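Okay, structure first, notes after.
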There are 2 protein chains.
Amino acid sequence: MAELPLPELDPLSDRAVFRQIADHVREAIERGALHEGDKIPSEAQLMQHYGVARMTIRNALQVLQSEGLTVAEHGRGVFVRSRPPVRRLASDRFARRHRERGKAAFIVETEEAGGKPSVDSIKVSEAAAPSDVAERLELAGGEHVIVRSRRYLINGQPVETAVSYLPSSIAQGTQIEQPDSGPGGIYARLEELGFRLDRFVEEIRSRMPFREEVRALKLAPGVPVFHLIRTAYAADGRPVEVCDTVMSSDAYVLSYELPAR
Amino acid sequence: MAELPLPELDPLSDRAVFRQIADHVREAIERGALHEGDKIPSEAQLMQHYGVARMTIRNALQVLQSEGLTVAEHGRGVFVRSRPPVRRLASDRFARRHRERGKAAFIVETEEAGGKPSVDSIKVSEAAAPSDVAERLELAGGEHVIVRSRRYLINGQPVETAVSYLPSSIAQGTQIEQPDSGPGGIYARLEELGFRLDRFVEEIRSRMPFREEVRALKLAPGVPVFHLIRTAYAADGRPVEVCDTVMSSDAYVLSYELPAR
DNA sequence: AAGGCAAACTCCTCTAGTCGAGTAGGTGTG
DNA sequence: CACACCTACTCGACTAGAGGAGTTTGCCTT
């Protein structure tokens, strides 16, 4: 507490006390008086400093937490949140020249950035296509799809979950149905099957994560997710895959190139 | 209350009471028992139903609010949040054929979707380039830029703020310095000045809004924003504009096309 | 020196109230 | 009939406690 001089409350302000306290701590973080990982004063210390009830302090801390500025650790304290290394997704990441190197894009990129990539929770099944997937794959009602779901991690930290849907008429009986889809991933397999990939369309949304997503991605409170739906089209214009991925928003910067023509 | 049957608490569960209550209400919303704009039971009603203290109910409601599922209105009640109409940004939105129609992309798109577009808070100034902008514009240190900031609204609802930066060496003395940048917007002006636009690069981040952004975009609590930085390149490869925009994430779906070649 | 244990400290959940301020609806007066 | 006012109901802010559970630290035993 001695090390962190916080202002006093302004009794004339009509700004709520808990907001004033949140403002003070936020400013301390923003001006660099508190760094990533630093512990902020405990609830008891803040109570004493401001002379208010504990719930008021907790309300203030709650504000910061929902802004994603801090994380509370039970029994340890409240800390300034540190951000994971950011992964930049370039718009050429699915270029064939990358795919032909025989490794999936995720592995290559992560290793190049000096991280240890891994993939877990791989599950493959077959089911009727959900309606939004059926629509994107231009499937008739009730047609089945192969569903591949998995989770991507960097240095053991989960950063992304992905679920791919491929028409059973294409993928059934191929290596795509195996947990290990082989070198270059499912896009390489699709090309081997004669579906020369032409283009991808990605739709991006941003929202707060659901509870399962918070768990699967070990998200800090107040961190939104990117929800990205990619549809892969073969050279004849036929959609051959839909990939539904959820990414921790503070682990990613997405980058795209648009033509002006 | 009578109309909305909520389950009882599970006394054996080790899930916190306020989380169980939040779960109940969330499920009611998700299964459609409560629709957009519906009022959820008041704090007093929920207290009675569950037999818990008011703070516990408030904690539960806080969870839903921070998930963006509900909004509280002082003196009226807590309501299921209704989402504004979504604007889809297609990857060809800056194609020259659109620009040549003489209207800015935003106006055309919004009118086509049956909305009333408007732009306000237009401010133009000149200043030293911030370092990240200078980097993207490949400017030498200290070089000046023309700064154009504005806010976009649909049916009077703010959906996006944008700040454009153009090198003073290009834009000074042109209509770009006027609040009304003329038909087709600044991209049309740049082409008239001989900078044939070639491509754009967009970087997309997602995060929780700052306080000023909550105000400017009238954001509901718990709604993240897209932070998009677009750099426009002329045919000779020279960057000619950086546009920094913040968009309400529930008013937008971004869409991009990627080549597979 | 190593290991076990207890105390101190941390945040988490919850109770039971107070006062305040915004909203909506009904009632009574002009 | 129109308007002002009152009242009941809503959420917002805050107080002042309780017991619980996870973490750290240092002391004491072995």
Side-chain angles (χ1 to χ4, degrees), chain A residues 1-4 8-25 34 37-66 69-81 211 214 220-222, chain B residues 1-2 4 8-25 34 37-66 69-81 214 220-222:
Chain A
M1 201 61 194
E3 334 78 32
L4 183 70
E8 296 299 317
L9 293 175
D10 175 1
L12 301 177
S13 166
D14 55 358
R15 189 162 177 77
V17 171
F18 77 91
R19 290 188 201 283
Q20 288 189 50
I21 297 174
D23 292 346
H24 293 171
V25 179
L34 287 167
D38 282 3
K39 187 164 175 307
I40 73 172
S42 74
E43 296 176 358
Q45 286 172 316
L46 289 169
M47 277 171 73
Q48 237 229 314
H49 176 79
Y50 287 109
V52 299
R54 175 125 179 280
M55 284 305 293
T56 307
I57 298 295
R58 284 185 63 76
N59 269 332
L61 296 179
Q62 164 83 37
V63 169
L64 298 174
Q65 183 145 337
S66 81
L69 286 173
T70 61
V71 252
E73 291 184 35
H74 192 165
R76 297 195 58 228
V78 179
F79 301 86
V80 179
R81 210 159 73 78
R211 254 190 307 123
V214 170
Chain B
M1 201 61 193
L4 183 71
E8 295 300 317
L9 293 175
D10 175 2
L12 301 176
S13 166
D14 53 0
R15 190 162 176 78
V17 172
F18 76 92
R19 289 188 201 282
Q20 288 188 50
I21 297 174
D23 291 347
H24 294 170
V25 178
L34 287 168
D38 282 3
K39 189 165 175 303
I40 74 171
S42 74
E43 295 177 358
Q45 287 173 316
L46 289 170
M47 279 171 72
Q48 236 230 314
H49 176 80
Y50 286 109
V52 299
R54 174 134 176 264
M55 284 304 296
T56 306
I57 298 296
R58 285 183 63 78
N59 268 333
L61 296 180
Q62 165 82 37
V63 168
L64 298 175
Q65 183 144 339
S66 82
L69 286 173
T70 60
V71 255
E73 291 183 36
H74 192 166
R76 297 195 58 228
V78 180
F79 300 85
V80 179
R81 212 160 69 80
V214 171

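Within every chain, numbering begins at 1; the chains are lettered A, B, ... in the order of the sequence lines, protein sequences first and strands thereafter. Nothing here was measured: the structure is a model prediction, and the numbers come from that model.
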> How long is the line joining CZ of A/Arg76 and P of C/dT10, in whole Å?
Replying inline: 13 Å
> Just to confirm, is there a sub-4.0 Å distance from OP1 or OP2 of C/dT10 to any side-chain nitrogen or oxygen of A/Ser42?
Replying inline: yes
> Could you give the CD-to-C1' distance, from A/Glu43 to D/dA21, as a whole number of Å?
Replying inline: 14 Å
> When A/Ile57 is tested against each of A/Glu43, A/His49, A/Gln45, A/Gln48 for side-chain contact (heavy atoms from CB on, under 4.5 Å), which residue passes?
Replying inline: A/Glu43
>> Reading DNA chain D from 5' onward, which residue's closest nucleotide shows up sooner: A/Gly75 or A/Arg19?
In response: A/Arg19
> In whole angstrom, what separates B/Gln48's CD from C/dA16's P?
Replying inline: 14 Å
> Given A/Val25 and A/Leu64, is the side chain to side chain contact (heavy atoms under 4.5 Å, CB included) satisfied, shown in steps?
Replying inline: CA-CA 8 Å; A/Val25 179; A/Leu64 298 174; 3.5 Å; yes
>> Just to verify, what does A/Arg15 make a salt bridge (Lys or Arg N to Asp or Glu O under 4.0 Å) with, not counting sequence neighbours?
In response: A/Asp23
>> Quick check against the 3.5 Å criterion: does A/Gln20 have a side-chain atom that pairs as donor or acceptor with the backbone of A/Asp10?
In response: yes
> Considering all heavy atoms of both residues, which atom of A/Pro41 and which atom of A/Leu46 are nearest to each other, and what is their separation?
Replying inline: O-CD1, 3.6 Å
> How close or far is atom P of D/dC14 from atom CZ of A/Phe18, stated in whole angstroms?
Replying inline: 6 Å
> In whole angstrom, what separates A/His74's NE2 from C/dT13's C1'?
Replying inline: 9 Å
> Whole-Å distance between C/dT13 C1' and B/Leu9 CG?
Replying inline: 13 Å
> What is the distance from CG of B/Asp14 to P of C/dC14, rounded to the nearest Å?
Replying inline: 12 Å
>> In this structure, how many angstroms lie between the C1' atom of C/dT10 and the CG atom of A/Leu46, rounded?
In response: 13 Å
> Contacts to DNA chain C from residues 52-63 of chain B, heavy-atom cutoff under 4.0 Å, which residues?
Replying inline: B/Val52, B/Ala53, B/Arg54, B/Met55, B/Thr56
> side chain to side chain contact (heavy atoms under 4.5 Å, CB included) between B/Thr70 and B/Arg81: does it pass, once the steps are laid out?
Replying inline: CA-CA 5 Å; B/Thr70 60; B/Arg81 212 160 69 80; 5.8 Å; no
